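Quick caveat, the model's predicted, so the values are computed rather than measured.
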Amino acid sequence: MLQKLYDWVDERLDITPIWRDIADHEVPEHVNPAHHFSAFVYCFGGLTFFVTVIQVLSGMFLTMYYVPDIENAWHSVQYLQSQVAHGQIVRGMHHWGASVVIVMIFLHTLRVFFQGAYKKPRELNWIVGVLLFFVMFGLGFTGYLLPWDNKAFFATQVGLEIAESVPVIGTDIKTLLAGDPDIVGAQTLTRFFAIHVFFLPAALFGLMALHFIMIRRQGISGPL
Amino acid sequence: MSEKKNNQVSRRQFLNYTLTGVGGFMGAAVVAPMVGMAVDPLLQADGSDDFEYVMDVDEITTEPQRKTFYIDQQDGWYDTEAERAAWIYRDENGDILALSPICTHLGCVVDWETGDHDNEFFCPCHYGRYDKNGVNIPGTPPEGPLHAYEYRIEDGRLYLGRANPREGA
Ligand code: HEM
Ligand code: FES
């Protein structure tokens with residue numbers, strides 16, 4: 001049945017080469033944990049991607065209930081967490097996933113660093129990777145404010161003051177982030193929300209696309 | 001082994017099936033709670049069963065009077081007092097009727113005796129009409145009578161509950 005459907009589409013659109021080009025390539029022996037168990041270190045990139053997919057999906061569903069408004073944000077999170085079917089699980093996925101994804105991206109970076117996999121010709125992908133790291137940090141920082149509880153508020157307060165400590169332009173950076181020179185409030189929350197669910201995910205997808213295209217071009221780096 | 005070769009599952013097929021199965025299971029485990037969260041509105045119990053005071057029974061006449069009252073409405077995390085309206089009167093048998101003004105066609109609001117619609121409820125959206133008992137007049141868009149509120153009388157005071165559909169024309 002599925003095979004027939006596939007053949008029907010394939011006959012018309014010749015889709016086989018498309019997915020073969022993406023998915024059909026050999027895994028070299030030195031990255032296969034079945035051959036050398038220590039090759040599990042090569043899994044961290046894929047695990048980072050897997051957790052990112054979970055973050056994106058769970059985040060999309062959280063926005064069905066979440067409101068970025070200082071009167072209602074906390075209540076909407078409280079409601080989705082305690083009244084909505086499976087809300088606690090989905091919020092839990094996003095909450096814990098946000099930390100797990102940072103751990104994974106860090107382990108992935110360590111592997112690339114200690115194997116020297118960033119060396120020529122892969123310098124550009126190292127740069128893209130570092131940008132991805134910054135974007136992830138940005139997502140973590142902006143997402144943390146969204147529940148609008150005390151922990152969220154003061155973590156953001158601290159983060160903004162760190163930004164302010166930058167010489168010369170620090171105060172402007174803080175005002176731009178917070179939406180007001182003095183207040184961490186209504187405008188801060190809407191800004192952080194927009195950055196968290198639109199701007200940074202867009203940057204994330206673009207950078208991930210670059211990352212993966214370069215990997216397919218260059219292949220995985222050779223055995224040590 | 002060699003006789004039934006065609007029925008055998010090859011190594012590659014076996015791997016394909018197990019990987020698809022395990023992968024599908026993991027994917028489903030990730031997505032299932034999210035879908036559950038999205039369909040939560042279908043699982044929530046509907047509306048409250050509270051009765052609210054609207055007017056004193058001795059003020060009820062045979063002429064429909066429009067009365068408003070407020071119910072406690074829980075809209076997710078947002079609790080409000082939502083306004084409700086009722087057309088309240090005694091019918092020819094002297095029974096109390098409290099009709100919902102929500103048109104049974106597509107939900108606009110009807111009015112009593114507007115324009116030249118004497119002795120009728122009229123809905124301006126698609127010219128729906130109802131007779132004095134709130135029964136829809138055949139040939140106009142509504143397909144059922146105006147809903148009637150459940151009511152209770154305590155100490156000469158009229159309390160209204162939820163509005164229910166009625167049998168009609
Ligand atoms: C398109 C992708 C994403 C969307 C639409 C999204 C959406 C949301 C929403 C609506 C909230 C507020 C609800 C809540 O606090 O439980 C939130 C919180 C949060 N997000 Fe995201 N998010 C996305 C990706 C990410 C990623 C990749 C990270 C990883 C660094 C992240 C980190 C966080 C954190 C730390 C919180 C606070 C969690 C909590 O306190 O429970 N988000 N996100
Ligand atoms: S909604 Fe009243 S006539 Fe259509």
Side-chain angles (χ1 to χ4, degrees), chain A residues 1-3 6 19 23-24 26-27 32-34 43 46-47 49-97 100-101 146-149, chain B residues 1 4-52 69-84 107 161-163:
Chain A
M1 170 65 203
L2 274 180
Q3 187 65 38
Y6 177 86
W19 70 257
D24 201 16
E26 290 213 346
V27 178
N32 186 342
C43 292
L47 288 173
F49 179 68
F50 178 65
V51 183
T52 304
V53 169
I54 292 183
Q55 289 307 98
V56 172
L57 286 178
S58 55
M60 280 164 55
F61 283 90
L62 287 175
T63 46
M64 280 189 174
Y65 294 93
Y66 177 79
V67 256
D69 167 73
I70 53 171
E71 296 275 355
N72 293 302
W74 188 88
H75 293 283
S76 70
V77 174
Q78 151 92 7
Y79 178 79
L80 79 85
Q81 157 113 16
S82 61
Q83 306 296 315
V84 173
H86 302 132
Q88 193 175 23
I89 297 177
V90 178
R91 182 170 182 226
M93 289 163 94
H94 202 76
H95 179 102
W96 296 105
V100 173
V101 82
L146 302 184
W148 201 249
D149 52 16
Chain B
M1 183 171 173
K4 292 200 290 173
K5 204 152 209 162
N6 288 343
N7 295 334
Q8 295 239 306
V9 178
S10 71
R11 211 177 155 80
R12 169 169 290 254
Q13 269 177 322
F14 176 76
L15 276 173
N16 265 341
Y17 292 157
T18 33
L19 283 180
T20 317
V22 172
F25 182 77
M26 285 172 65
V30 167
V31 172
M34 301 179 191
V35 173
M37 190 182 183
V39 302
D40 175 76
L42 296 177
L43 312 174
Q44 297 277 357
D46 38 68
S48 82
D49 285 320
D50 291 349
F51 280 76
E52 302 292 337
F69 58 105
Y70 291 87
I71 58 158
D72 294 328
Q73 179 172 282
Q74 287 183 3
D75 179 9
W77 54 91
Y78 189 62
D79 293 345
T80 41
E81 305 254 282
E83 194 185 78
R84 291 283 181 271
R162 56 168 80 212

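- Atom CD of A:E71 has 12 or fewer neighbouring heavy atoms from other residues, nucleotides or ligands inside a 6.0 Å radius.
- The minimum heavy-atom distance linking B:M37 with A:F61 is given by the pair CE-O, 4.0 Å.
- Looking at A:Y79, the atoms closer than 4.5 Å to chain B (heavy atoms on both sides) all sit in the side chain, from C-beta outward.
- More than 12 heavy atoms of other residues, nucleotides or ligands lie within 6.0 Å of CZ in B:F51, so this atom counts as buried by the packing criterion.
- The local environment of CD in B:Q74 is sparse, with at most 12 non-hydrogen atoms from other residues, nucleotides or ligands closer than 6.0 Å.
- For A:V53, no part sits under 4.5 Å from any heavy atom of chain B, backbone or side chain.
- For the atom pair CE of A:M64 and CE of B:M34, the computed distance is 11.5 Å after rounding to the nearest 0.5 Å.
- Across all their heavy atoms, A:M93 and B:P33 have their closest contact at SD-CG, 4.4 Å.
- At a 4.5 Å heavy-atom cutoff, the contact between A:I89 and chain B is made by side-chain atoms alone.
- More than 12 non-hydrogen atoms from other residues, nucleotides or ligands lie less than 6.0 angstrom from CD of B:E52.
- For B:E83, the side-chain hydrogen bond (donor to acceptor under 3.5 Å, both in side chains) partners two or more places apart in sequence, or in a different chain, are B:Y70.
- In terms of the side-chain hydrogen bond (donor to acceptor under 3.5 Å, both in side chains) criterion, B:D50 has no residue partners (sequence neighbours excluded).
- Contact record, A:Y65 with B:P41: OH-CD, 3.5 Å, taken as the closest heavy-atom pair.
- Within the 4.5 Å cutoff, the side chain of B:W77 has no heavy atoms near those of the A:Q83 side chain.
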